[in-house]
Amino acid sequence: KINASKVLNLSGALNLADYITELKEVDVLITNDSGPLHLAHFLGVRTIGIWGPTSANLVGYPDSKIMLNLKSNLPCSPCFIHPKSQVAKTCNGEVTCFKEMSIKYMVNQINQFILED
């Protein structure tokens, strides 16, 4: 349902000022827990956050009309709950919370979120 011709990957191509200018113009940003997620939320940009070791409940934002949080249901996720956490220790650094997330589930959730507009 996402028109591939409208998908733009600018990873590493812009400085911060140019990135913010472009970010203000996007319909939806898909990102992991990172600076772009927090900038997008600040700017009111519809955002899909993909969470693994970190938790939207601790360092992110609740689901809303502008925020969709996708996360694993593994018992070890999130494993980063404070600065002294031993991240990805249970999975031996494999970060299975990202790898085991169902693509079908993610696509269904993203399509629902986008169509809510």
Side-chain angles (χ1 to χ4, degrees):
K1 297 188 184 195
I2 297 173
N3 184 340
S5 69
K6 293 186 176 186
V7 174
L8 184 61
N9 181 353
L10 295 174
S11 300
L14 304 172
N15 64 38
L16 184 58
D18 291 340
Y19 182 79
I20 290 170
T21 299
E22 291 292 327
L23 185 57
K24 291 177 185 178
E25 301 300 319
V26 303
D27 293 326
V28 177
L29 174 71
I30 301 175
T31 186
N32 65 321
D33 171 24
S34 60
L37 179 138
H38 300 286
L39 282 171
H41 190 268
F42 175 78
L43 295 169
V45 173
R46 294 184 80 212
T47 304
I48 298 164
I50 302 172
W51 300 84
T54 55
S55 165
N57 296 335
L58 294 174
V59 297
Y61 313 95
D63 285 332
S64 68
K65 292 252 184 223
I66 67 163
M67 186 73 205
L68 171 65
N69 295 294
L70 298 176
K71 53 192 173 284
S72 167
N73 289 323
L74 294 175
C76 58
S77 180
C79 59
F80 182 86
I81 52 177
H82 60 77
K84 292 186 179 182
S85 297
Q86 293 188 356
V87 178
K89 182 177 181 181
T90 303
C91 62
N92 297 316
E94 294 294 318
V95 196
T96 53
C97 48
F98 281 129
K99 294 177 182 175
E100 299 296 321
M101 208 176 308
S102 162
I103 298 298
K104 183 177 179 178
Y105 163 77
M106 291 174 65
V107 168
N108 286 337
Q109 294 298 306
I110 290 168
N111 282 334
Q112 258 184 340
F113 181 71
I114 289 171
L115 294 175
E116 284 178 359
D117 195 16

Discussion item. Working to the nearest 0.5 angstrom, can you tell me the gap between Ile48 CD1 and Leu68 CG?
Written reply: 5.5 Å
Worksheet entry | Closest contact, heavy atoms only, Tyr105 versus Lys71 | CE2-O, 4.5 Å
Practice prompt. Could you check if a side-chain atom of Gln112 sits within less than 4.5 angstrom of a side-chain atom of Asn108, using non-hydrogen atoms only?
Written response: no
Fill in: Interatomic distance, Leu23 atom CG to Thr47 atom OG1 [nearest 0.5 angstrom]
7.0 Å
Response to the item:
Looking only at heavy atoms, the pair that brings Pro53 and Pro78 closest together is O-CB, 3.2 Å
Worksheet item: How many angstroms lie between OG1 in Thr21 and CG in Leu16, if you round to the nearest 0.5 Å?
Response: 9.5 Å
Worksheet entry | Main-chain N/O of Tyr61 paired to Asn69 side chain as donor or acceptor, under 3.5 Å | yes
Worksheet entry | Shortest non-hydrogen separation from Cys97 to Ser77 and the atoms involved | CB-OG, 3.6 Å
Item to complete: To the nearest 0.5 angstrom, please state how far the CD1 atom of Ile114 sits from the CD1 atom of Ile30.
Response: 6.0 Å
Worksheet item: In the single-linkage hydrophobic clustering (I, L, V, M, F, W, Y; side-chain heavy atoms under 4.5 Å), do Leu58 and Phe80 co-cluster?
Response: no
Worksheet item: Thr54 versus Asn32: any side-chain heavy-atom pair under 4.5 Å?
Response: no
Worksheet item: Shared ILVMFWY cluster between Val87 and Val95, side chains joined below 4.5 angstrom?
Response: no
Worksheet item: Has Asn15 got more than 12 heavy atoms of other residues, nucleotides or ligands less than 6.0 Å from its CG?
Response: yes
Item to complete: Could you tell me whether the side chain of Ser11 and the main chain of Asn9 form a donor-acceptor pair under 3.5 Å?
Response: no
Response to the item:
Heavy atoms of Pro36 and Leu29 approach each other most closely as O-CD2, 3.6 Å
Worksheet item: Is Phe113 reachable from Met106 through a run of hydrophobic residues whose side-chain heavy atoms are each under 4.5 Å from the next?
Response: yes
Discussion item. Side chain to side chain contact (heavy atoms under 4.5 Å, CB included), that's the test. Do Asp18 and Glu22 meet it? Break it down for me.
Written reply: CA-CA 6 Å; Asp18 291 340; Glu22 291 292 327; 5.5 Å; no
Worksheet item: Between Thr90 and Cys79, is any pair of side-chain heavy atoms under 4.5 Å apart?
Response: no
Worksheet entry | Euclidean distance, Met101 CE relative to Leu74 CG, rounded to 0.5 Å | 8.5 Å
Worksheet item: For the residue pair Thr96 and Cys91, what are the closest heavy atoms and their distance?
Response: OG1-CB, 3.6 Å
Worksheet, complete the sentence: Minimal heavy-atom distance between Trp51 and Phe98, with the atoms involved, is C-CE2, 3.8 Å
Worksheet item: With Glu94, which residues qualify under salt bridge (charged side-chain N to carboxylate O under 4.0 Å, His left out), at least two apart?
Response: Lys99
Fill in: Nearest-0.5 Å distance that lies between atom CD in Glu25 and atom CG in Leu43
10.5 Å
Item to complete: Establish whether Leu39 and Ile66 are linked, either directly or via other cluster members, by ILVMFWY side-chain heavy-atom contacts under 4.5 Å.
Response: no
Practice prompt. Kindly determine whether Met67 and Leu37 satisfy side chain to side chain contact (heavy atoms under 4.5 Å, CB included), including the steps that lead there.
Written response: CA-CA 10 Å; Met67 186 73 205; Leu37 179 138; 3.7 Å; yes
Worksheet entry | Any side-chain heavy-atom pair of Val26 and Arg46 under 4.5 Å | no
